[in-house]
Amino acid sequence: MKNSRRNFLKLTGLTGFGLAGNSLIKVLGAEPKILNKSDNYDFPEQAAGQSSRHFNMSGYSAPKLETVRIGFIGLGSRGPGHVSSMSYLEGVEIKALCDIVPEEVEKTRKRIESTGFKPDLYSGDAEAWKKMCDRNDIDLVYICTPWDMHTPMAIYAMEHGKHVAIEVPAAVNMEECWQLVETSERTRMHCQMMENCCYDFFELLTLNMARQGFFGELVHGEGAYIHNLLNSNFNKKGYWDMWRLRENSGRRGNLYPTHGLGPICQVMDINRGDKMEFLVAVMSRDFQMNDMAKKLAASDDFYKQFVDNPYRGNMTTTTILTSKGRTIMVQHDVTSPNVYSRIHKVSGTKGAALKYPLPAKISIGDEWVSDEELKAIEEKYTPAIVRKVGEMAKKVGGHGGMDFLENWRLIDCLRNGLPLDQDVYDAALWSAIAPLSEWSVSHKSKPVKVPDFTLGSWQMNAPVDLSLEKGGNTKVVR
Ligand SMILES: NC(=O)c1ccc[n+]([C@@H]2O[C@H](COP(=O)([O-])OP(=O)(O)OC[C@H]3O[C@@H](n4cnc5c(N)ncnc54)[C@H](O)[C@@H]3O)[C@@H](O)[C@H]2O)c1
């Protein structure tokens, strides 16, 4: 089955997809090829590598789109929710739906039948999505497939003149991270990784509080993905082709860093005033995954392929130092039976915030503020986006409303020609934490330099604009 994944990458033609002669690849000293995950460790030199810049995509305003015509790829558990959420927005046309499994396409078509959209359907083979990207009446390709397909699909779509929205993480190795940056800059197509947790209500609140100086100088942030997916990962009827189990049984590190990290990076203006310097990752051993594989294999031969694989450990803790001398901790545990947590801790010289365990709390000094004070803080610091679409987002839903907020904001920016909140440098950097942590783990937690995907522009790039002073006029139509 692992071979089928590699064949997919070959099929996409991305083993030599027009980067020949590209200065980026020359500087990195690597042939443009898709790395096998097991090859993907020896890259501190790449990580430190620099390339020439085509164009700065941070703060880039693409031409306004009155109507955003969208094609979706990947309609498993995640994709259909985005299709549905987009169908609520003014100026959106759902043009095409694609999944390798015809039944998934049909289910999603039915789900939005009442909205009046009649998307064209693509299915049946591993490359049907390319035909969709080849069309010239689609503006945005929205990718919700397994992780290792994200970059190949995004690159093909950008090369064919489409903006891309990619589910998390955007890339699985360092070469892919750089490829996204290079392609987005050269084509001037937006490449947004859809880190929905940046749009959760408390995360947005703390971002606004940080902007207004509530926390004083920021010192430290923490994020995590602690979510018990042990049974889901081993469920034959779950993720397509067991893709998530395969990821977790061959790569050893913090494989899913972006949910916890994204909001902290926005609070700290990473890539827009500060940047990451290096990281160190420490991983526990695997206490449960291989045991589960053995237990299942005892009565079902299907699971024999998963016995004695090099599983990542239950817990990986990654620590990052920034240029301004701040620290960030990111944890990953999707096996142990914990209560769900993304931590979301923001700690400054004047105050702190902590979201998990729920309920979220704020402190000034040594004690949490009272419920009354917390309410007053919320009233004062709730950002414009939540005031405008927060209630509607809660009604439409999607992880409590954050999915709707992220989609509304993306469409509003595209329709008004505004820079996106998460640009390709964020997509690359936040995704890169996974392969960098894998490298550190496999080298006894040696520090590894975090590359500056902005190539120095972080010193000039403007922070994410929370004000809604521009745009903010996209209506909810149903
Ligand atoms: N942001 C979030 O809160 C959140 C939540 C869940 C999942 N995700 C992300 O969404 C993505 C998808 O996860 P999921 O849970 O929906 O997985 P899934 O396995 O349920 O769905 C993946 C879909 O991709 C389809 N697919 C596979 N190969 C394809 C191809 N060549 N062409 C077209 N379609 C193809 C599969 O048939 C399947 O329907 C992942 O990146 C995951 O990390 C994000």
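No hydrogens, no waters, no symmetry mates; every other heavy atom, side chains included, goes into these values. Indexing begins at 1, ligand by ligand and atom by atom, following the structure's order. Please read these numbers as outputs of a predicted model, since none were measured by experiment.
- Classification of Arg272 and Asp426 as a salt-bridged pair holds, one side-chain N sitting under 4.0 Å from a carboxylate O.
- For Asp125, no nitrogen or oxygen atom sits less than 3.5 Å from a nitrogen or oxygen atom of ligand 1, counting backbone and side chain alike.
- The distance criterion of under 3.5 Å between nitrogen or oxygen atoms is not met by Gly79 with respect to ligand 1.
- Near Val101, with a cut-off below 4.0 Å to any heavy atom, the atoms of ligand 1 are 37 (O).
- For residues 80-127, the ring pair (Phe, Tyr, Trp, His ring centres under 6.0 Å) pairs, not counting sequence neighbours, are His82-Tyr142.
- Near Tyr239, meaning under 4.0 Å from any of its heavy atoms, are these atoms of ligand 1: 15 (O), 17 (O), 19 (O).
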Check the pair Leu245, Tyr311 against side-chain contact (heavy atoms from CB on, under 4.5 Å), reporting the backbone distance first and the verdict last.
CA-CA 9 Å; Leu245 181 58; Tyr311 285 100; 4.1 Å; yes

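- The closest approach between a heavy atom of Tyr122 and any atom of ligand 1 is not below 4.0 Å.
- A salt bridge between Arg312 and Glu247 is absent, with no side-chain N of the basic residue lying under 4.0 Å from a carboxylate O of the acidic one.
- For atom 24 (O) of ligand 1, the candidate residues are Pro146, Gly238, Gly76; the nearest heavy-atom contact is made by Pro146.
- Close N/O approach between Asp99 and ligand 1 is found [any backbone or side-chain N/O within under 3.5 Å].
- Geometric assessment of Arg285 against the ring of Phe287 yields a positive cation-pi assignment under the 6.0 Å and 45° thresholds.
- By the side-chain contact (heavy atoms from CB on, under 4.5 Å) test, Cys198 pairs with Glu195, Pro263, Gln266, Gln422, Trp430, sequence neighbours left out.
- The closest non-hydrogen atom to atom 22 (C) of ligand 1, taken over Cys144, Pro102, Ser123, Gly74, comes from Cys144.
- Ligand 1 has no nitrogen or oxygen under 3.5 angstrom from a nitrogen or oxygen of Glu104.
- Classification of Glu406 and Arg409 as a salt-bridged pair fails, no side-chain N sitting under 4.0 Å from a carboxylate O.
- On a distance-only criterion, Ala126 and ligand 1 share at least one N/O pair closer than 3.5 Å.
- Note: Met242 CE to Asn235 CG = 7.0 Å, rounded to the nearest 0.5 Å.
- With ligand atoms numbered from 1 in the order given, ligand 1 contributes 33 (C) to contacts under 4.0 Å with heavy atoms of Ile73.
- When Glu167, Glu127, His399, Glu406 are ranked by how near their heavy atoms come to atom 9 (C) of ligand 1, first place goes to Glu167.
- Ligand-side atoms of ligand 1 in range of His259: 1 (N), 2 (C), 3 (O), range being under 4.0 angstrom from any heavy atom.
- With hydrogens and angles left out, the side-chain atoms of Arg252 and Ser442 include no donor and acceptor closer than 3.5 Å.
- In this comparison of Tyr225, Trp129, Trp243, the heavy atom closest to atom 32 (N) of ligand 1 sits on Trp129.
- Close contacts between ligand 1 and His150 involve ligand atoms 41 (O) [criterion: under 4.0 Å to a heavy atom].
- Note: Tyr356 and His344 fail the aromatic proximity criterion, with ring centroids not under 6.0 Å apart.
- Counting heavy atoms closer than 4.0 Å to ligand 1, residue Asp241 contributes nothing at all.
- Contact annotation: for Ile100 versus ligand 1, heavy atoms closer than 4.0 Å belong to both the backbone and the side chain.
- Ring geometry for Trp147 against Trp243 counts as perpendicular: the plane angle is over 60°, on a 0 to 90° scale with 30° as the lower cut.
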